[in-house]
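Take a look at the structure set out below.
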Amino acid sequence: MDAGVLYISILYRTCGHLCCCGCGHEVITPLSPAQWSITYDGVNVSLSPSVGNWTLPCRSHYWIHDGRIRWSRRYSAAEIAQNRDRDRRLLARTTQEHTPRALTWLRRHLQPWRR
């Protein structure tokens with residue numbers, strides 16, 4: 001990856017970039033309703049919400065907005081834990097809502113055989 005480039009894969013619903021602090025670590029942001037989303041205005045890209053690299057040694061925290069980096073404040077260990085818990089709950093709820101129930105899945109897959 002090249003520094004200063006946000007790589008976007010619609011096919012794999014993910015973005016990647018090198019950490020904006022310059023540490024050189026790769027940062028991957030999955031695109032989903034419970035994780036990150038991108039906005040493209042025809043010129044610039046924004047990634048939302050902010051990127052908190054809590055597992056990296058640098059622990060950087062920033063926004064990618066209109067093709068620019070906006071630095072955010074550092075979070076305390078307690079704030080990081082709260083955010084992780086909230087993110088896990090939101091991801092679990094969103095995943096559960098988008099996972100078809102067993103009978104729905106069976107109906108969908110067995111219907112062609114009825115015809």
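- Inter-residue side-chain proximity for R84 and T55 is flagged as met; some heavy-atom pair is nearer than 4.5 Å.
- Using a 4.5 Å heavy-atom threshold, the side chains of C19 and Y62 count as touching.
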Can V5 and H17 be said to form a side-chain contact (heavy atoms from CB on, under 4.5 Å), step by step? CA-CA 6 Å; V5 178; H17 64 280; over 6 Å; no
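- Distance check, rounded to the nearest 0.5 Å: OG1 of T14 to CG of L11 gives 11.0 Å.
- Although no hydrogens or angles enter the test, the distance criterion places no donor-acceptor pair under 3.5 Å between the side chain of S48 and the main chain of S37.
- For the pair I28 and G16, the tightest heavy-atom approach, listed with the atom from each and the gap, is CD1-CA, 4.0 Å.
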Passes side-chain contact (heavy atoms from CB on, under 4.5 Å), V27 versus L18? Steps please. CA-CA 6 Å; V27 177; L18 292 179; over 6 Å; no
Show your working on side-chain contact (heavy atoms from CB on, under 4.5 Å) between L91 and Q35 and close with a plain yes or no. CA-CA 7 Å; L91 183 58; Q35 293 172 308; 3.8 Å; yes
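- Using a 4.5 Å heavy-atom threshold, the side chains of I8 and L47 count as separate.
- The only option from R73, R59, R74 that meets the salt bridge (Lys or Arg N to Asp or Glu O under 4.0 Å) definition with E79 turns out to be R73.
- Between the CG atom of L90 and the OG atom of S32 there is a distance of 8.0 Å, given to the nearest 0.5 Å.
- Cluster membership check: W71 shares its hydrophobic cluster with I64, using side-chain heavy-atom separations under 4.5 Å among Ile, Leu, Val, Met, Phe, Trp and Tyr.
- How far OG1 of T39 is from CG of N44: 11.5 Å, rounded to the nearest 0.5 Å.
- The structure places NE2 of H25 at 14.0 Å from SG of C20, a figure rounded to the nearest 0.5 Å.
- More than 12 heavy atoms of other shown residues, nucleotides or ligands fall within 6.0 angstrom of atom OH in Y7.
- In this structure, the separation between CG on N53 and CD on E26 is 12.0 Å, given to the nearest 0.5 Å.
- Not one N or O on the side chain of W63 forms a donor-acceptor pair closer than 3.5 Å with the backbone of V51.
- Remark: N83 CG to S50 OG distance equals 7.5 Å, nearest 0.5 Å.
- Under the 4.0 Å criterion applied to side-chain N and carboxylate O atoms, D85 and R88 are assigned as salt-bridge partners.
- By the 6.0 Å contact criterion, CZ on R13 is open, its count of non-hydrogen atoms from other residues, nucleotides or ligands being 12 or less.
- No path of Ile, Leu, Val, Met, Phe, Trp and Tyr side chains, each step under 4.5 Å between heavy atoms, connects L6 with V43, placing them in separate hydrophobic clusters.
- Follow the hydrophobic side-chain contacts under 4.5 Å out from Y12 and you never reach V45; the two are in separate clusters.
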